[in-house]
**Student:** 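Sharing a structure here in structure tokens format.
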Amino acid sequence: MLKGKVAVVTGGTRGIGYAIVKKFLENGASAVLWGSRQENVDRALERLRQDNPDWQVTGMAPDLGSYEEIARALDSVKKKYGKIDIMVNNAGISARDSLYDYNPEDFDRIMDLNVNSVFRCSKAAAAIMREHGGGVILNTSSMVSFYGQPAGSGYPASKFALNGLTKSLARELGRDHIRVNAVAPGVTRTDMMEAVPREVIEPIVRTIPLGRLGEAEDIANAFLFLASDMASYITGAIIPVDGAAMT
Ligand code: NAD
């Protein structure tokens, strides 16, 4: 579904981002995975190359807090492959503290990675995509971007903002043939969730009509569809992939 396409995926070293990279490679794309630390990037690359030594995959660890560093990293991808077709803004962090205990610096840190860095990557990637006649920007939102959550307000606030950025960029960049969409996962089994105790997870599962947590591959499948030409008339959409969960 992605033969000949070039994709960059932030937060691609594990969890949902790793599943997206793998799914894209299985479908013929060349992929560049980004992570926060070079050793994690190297470990992820090694795992992927063990799965299939023919996959075209490389990795980098640019600082997502720096527009200059992001622009330089994307420029190096353009130099290597001649273009960028797909930019996946997936890296994200959360915290579940109550408002009374919330450290204001944590709120800023969450907003900076989950929103500001998406703006930075989209700005640098769109400039390259426009030169080559278009592309696709995909963002990882969350089901909490529809419902909020009863603690840890910074995280849902960041994902509501991300949805706004997604819809606005879709309207702005359509004329440059750049589609912009987001996937909103429900509770998905990744490292982010491993930290959550079973007694918290089990009641959540009971409220999910499909009766199970999401797997990273469930989410990656939606990214594959949106990245592909099958979604050629879809832009500005926030697609829930959450088993119809409502918490
Ligand atoms: P994870 O913690 O397993 O992976 C997070 C990824 O982000 C890692 O690759 C990590 O290297 C990267 N990252 C973290 N901090 C970074 C930083 N400062 N700079 C650059 N990269 C950084 O998380 P996950 O569960 O796979 O989450 C991926 C995305 O999915 C996030 O945006 C998250 O908000 C979203 N999401 C997750 C769930 C879930 O239940 N797991 C549900 C809804 C949405």
Side-chain angles (χ1 to χ4, degrees), residues 8-23 31-45 47-48 59-67 69-70 73 87-96 105-106 108-121 137-149 152-163 165-166 182-197 200-201 204-205 207-208 212-220 222-223 238-243 245-247:
V8 177
V9 180
T10 73
T13 58
R14 58 174 200 241
I16 291 171
Y18 182 86
I20 295 169
V21 171
K22 195 166 171 191
K23 187 63 65 180
V32 183
L33 68 86
W34 287 6
S36 51
R37 300 221 313 266
Q38 190 61 44
E39 61 262 35
N40 295 343
V41 169
D42 292 341
R43 213 170 306 129
L45 290 175
R47 270 176 74 193
L48 290 164
M60 309 169 80
D63 175 5
L64 297 186
S66 157
Y67 177 73
E69 216 169 291
I70 289 166
M87 176 80 229
V88 179
N89 296 304
N90 167 75
I93 46 173
S94 67
R96 291 193 67 88
E105 282 165 18
D106 284 344
D108 292 344
R109 221 164 38 85
I110 288 172
M111 293 303 281
D112 193 63
L113 183 66
N114 296 9
V115 186
N116 300 9
S117 81
V118 176
F119 172 81
R120 294 180 191 110
C121 292
I137 296 173
L138 299 175
N139 300 325
T140 310
S141 184
S142 166
M143 72 176 184
V144 304
S145 75
F146 307 124
Y147 307 115
Q149 62 186 22
S153 52
Y155 182 67
S158 74
K159 297 298 187 181
F160 271 78
L162 180 64
N163 291 2
L165 188 59
T166 302
V183 174
V187 185
T188 309
R189 280 203 313 138
T190 65
D191 289 356
M192 197 182 239
M193 290 312 301
E194 291 303 320
V196 182
V200 176
I201 298 284
I204 295 175
V205 171
T207 68
I208 301 173
R212 64 170 177 89
L213 296 183
E215 298 294 334
E217 191 176 5
D218 294 318
I219 314 303
F223 276 92
I238 316 292
I239 310 273
V241 183
D242 59 9
M246 289 191 67
T247 50

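As a basis for the values below, the full set of heavy atoms in this structure was taken, side chains included, without hydrogen atoms, waters or symmetry mates. As the structure lists them, so they are numbered: ligands from 1, and atoms in each ligand from 1.
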**Student:** Closest non-hydrogen protein atom to atom 13 (N) of ligand 1, residue and atom name please, with distance?
**Tutor:**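 Protein heavy atom at minimum distance: Ala91 CB, 4.1 Å.
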**Student:** Which of the atoms of ligand 1 are close to Gly92, meaning less than 4.0 Å from one of its heavy atoms?
**Tutor:**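 Atoms satisfying the 4.0 Å criterion: 7 (O), 31 (C), 32 (O).
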**Student:** Any N/O of Thr190 closer than 3.5 Å to an N/O of ligand 1?
**Tutor:** yes
**Student:** For ligand 1, does Thr188 get within less than 4.0 Å through its side chain, its backbone, both, or neither, judged by non-hydrogen atoms?
**Tutor:**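 For Thr188, backbone and side-chain atoms both sit under 4.0 Å from ligand 1.
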**Student:** Which residue from Val183, Thr140, Leu213, Val187 reaches closest to atom 35 (C) of ligand 1 through any of its heavy atoms?
**Tutor:**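 Shortest heavy-atom distance from atom 35 (C) of ligand 1: Thr140.
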**Student:** Do we see a donor-acceptor contact under 3.5 Å between the side chains of Thr13 and Asn40?
**Tutor:**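 On atom types as modelled, these side chains do not qualify, holding no pair under 3.5 Å.
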**Student:** Within a strict 4.5 Å, meaning less than it, do heavy atoms of the Thr166 and Ile238 side chains meet?
**Tutor:**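 Yes, at least one pair of side-chain atoms sits under 4.5 Å.
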**Student:** Answer yes or no: is there a side-chain heavy-atom contact under 4.5 Å between Arg43 and Arg14?
**Tutor:**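 Not in contact.
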**Student:** Does some non-hydrogen atom of Lys159 fall short of 4.0 Å from ligand 1?
**Tutor:** yes
**Student:** Check the surroundings of atom CD in Gln38: do more than 12 heavy atoms from other residues, nucleotides or ligands lie under 6.0 Å from it?
**Tutor:** yes
**Student:** Tell me whether Phe119 at atom CZ has more than 12 heavy atoms from other residues, nucleotides or ligands lying less than 6.0 Å away.
**Tutor:** no
**Student:** Would you check whether Gly35 has a nitrogen or oxygen atom less than 3.5 angstrom from a nitrogen or oxygen atom of ligand 1?
**Tutor:** no
**Student:** With heavy atoms of Gly11 as the reference, note each atom of ligand 1 found under 4.0 Å away.
**Tutor:**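 Counting from 1, the qualifying ligand atoms are 6 (C), 7 (O), 8 (C), 9 (O), 12 (C).
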**Student:** Val9 and side-chain contact (heavy atoms from CB on, under 4.5 Å): which partner among Val88, Val32, Leu138, Thr140?
**Tutor:**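 Filter result, single survivor: Val88.
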**Student:** Which is closest to atom 8 (C) of ligand 1 by heavy-atom distance: Asp242, Thr13, Asn89, Ile93?
**Tutor:**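 Minimum heavy-atom distance to atom 8 (C) of ligand 1 goes to Thr13.
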**Student:** Among the heavy atoms of Asn40, does any lie under 4.0 Å from an atom of ligand 1?
**Tutor:** no
**Student:** Out of Ala184, Gly15, Ala44, Gly186, who gets a non-hydrogen atom closest to atom 42 (C) of ligand 1?
**Tutor:**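 Among Ala184, Gly15, Ala44, Gly186, the closest heavy atom to atom 42 (C) of ligand 1 belongs to Gly186.
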**Student:** For ligand 1, which atoms have a heavy atom of Tyr155 less than 4.0 angstrom away?
**Tutor:**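 Ligand 1 atoms under the 4.0 Å threshold to Tyr155: 33 (C), 34 (O), 35 (C), 36 (N), 43 (C), 44 (C).
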**Student:** Is there a side-chain contact between Gln149 and Tyr155 in this structure, where contact means two heavy atoms from C-beta onward sitting under 4.5 Å apart?
**Tutor:**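 They are in contact (side-chain heavy atoms under 4.5 Å apart), so the answer is yes.
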**Student:** Among all protein non-hydrogen atoms, which one is nearest to atom 43 (C) of ligand 1, and what is the separation to 0.1 Å?
**Tutor:** Pro185 O, 3.4 Å
**Student:** For atom 1 (P) of ligand 1, state which one of Arg14, Arg37, Arg109 supplies the nearest heavy atom.
**Tutor:** Arg14
**Student:** Go through ligand 1 atom by atom and flag the ones less than 4.0 Å from a non-hydrogen atom of Asp191.
**Tutor:** 3 (O)
**Student:** Output the list of atoms in ligand 1 that are nearer than 4.0 Å to some heavy atom of Ile16, sorted by atom number.
**Tutor:**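 Close to Ile16: 26 (O), 30 (O), 37 (C).
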**Student:** In terms of atom number and element, which parts of ligand 1 are under 4.0 angstrom from non-hydrogen atoms of Leu113?
**Tutor:** 15 (N), 16 (C), 17 (C), 18 (N), 19 (N)
**Student:** Among all protein heavy atoms, pick the one closest to atom 20 (C) of ligand 1 and tell me residue, atom and distance.
**Tutor:** Leu64 CD1, 3.5 Å
**Student:** Kindly indicate whether the side chain of Val41, heavy atoms from C-beta on, has any atom under 4.5 Å from the side chain of Leu45.
**Tutor:** yes
**Student:** Would you say Asn139 and Leu165 make side-chain contact, with heavy atoms under 4.5 Å?
**Tutor:** no
**Student:** Does Ser141 have a non-hydrogen atom less than 4.0 Å from ligand 1?
**Tutor:**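 Checking ligand 1 against Ser141, which is what was asked, there is a heavy-atom contact under 4.0 Å.
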**Student:** Among all protein heavy atoms, pick the one closest to atom 23 (O) of ligand 1 and tell me residue, atom and distance.
**Tutor:**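 For atom 23 (O) of ligand 1, the nearest protein heavy atom is Met192 CB, 3.8 Å.
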**Student:** Minimum heavy-atom separation for Arg47 and Tyr18, please, with both atom names.
**Tutor:**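 The pair with the smallest heavy-atom distance is CB-OH, 3.2 Å.
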**Student:** Are there over 12 heavy-atom neighbours, none belonging to Glu105, within less than 6.0 Å of that residue's CD?
**Tutor:** no
**Student:** Can you report which non-hydrogen protein atom sits closest to atom 22 (C) of ligand 1, along with the distance?
**Tutor:** Ser36 CB, 3.7 Å
**Student:** Keeping Asn90 on the side-chain end and Thr10 on the backbone end, is there a donor-acceptor pair under 3.5 Å?
**Tutor:**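 Flag set: sc Asn90 to bb Thr10 pair under 3.5 Å.
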**Student:** Would the distance check show the side chain of Thr188 and the main-chain N or O of Gly186 forming a donor-acceptor pair, the cut-off being under 3.5 Å?
**Tutor:** yes
**Student:** Pick whichever of Val118, Ile219, Ile110, Asn90 has a heavy atom sitting closest to atom 29 (C) of ligand 1.
**Tutor:** Asn90
**Student:** Is the closest N or O pair between Trp34 and ligand 1 shorter than 3.5 Å?
**Tutor:**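 Looking only at distances, the answer is no, because the N/O contact criterion of under 3.5 Å is not met.
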**Student:** Between Arg109 and Asp106, does any NZ, NE, NH1 or NH2 come within less than 4.0 Å of an OD or OE carboxylate oxygen?
**Tutor:** yes
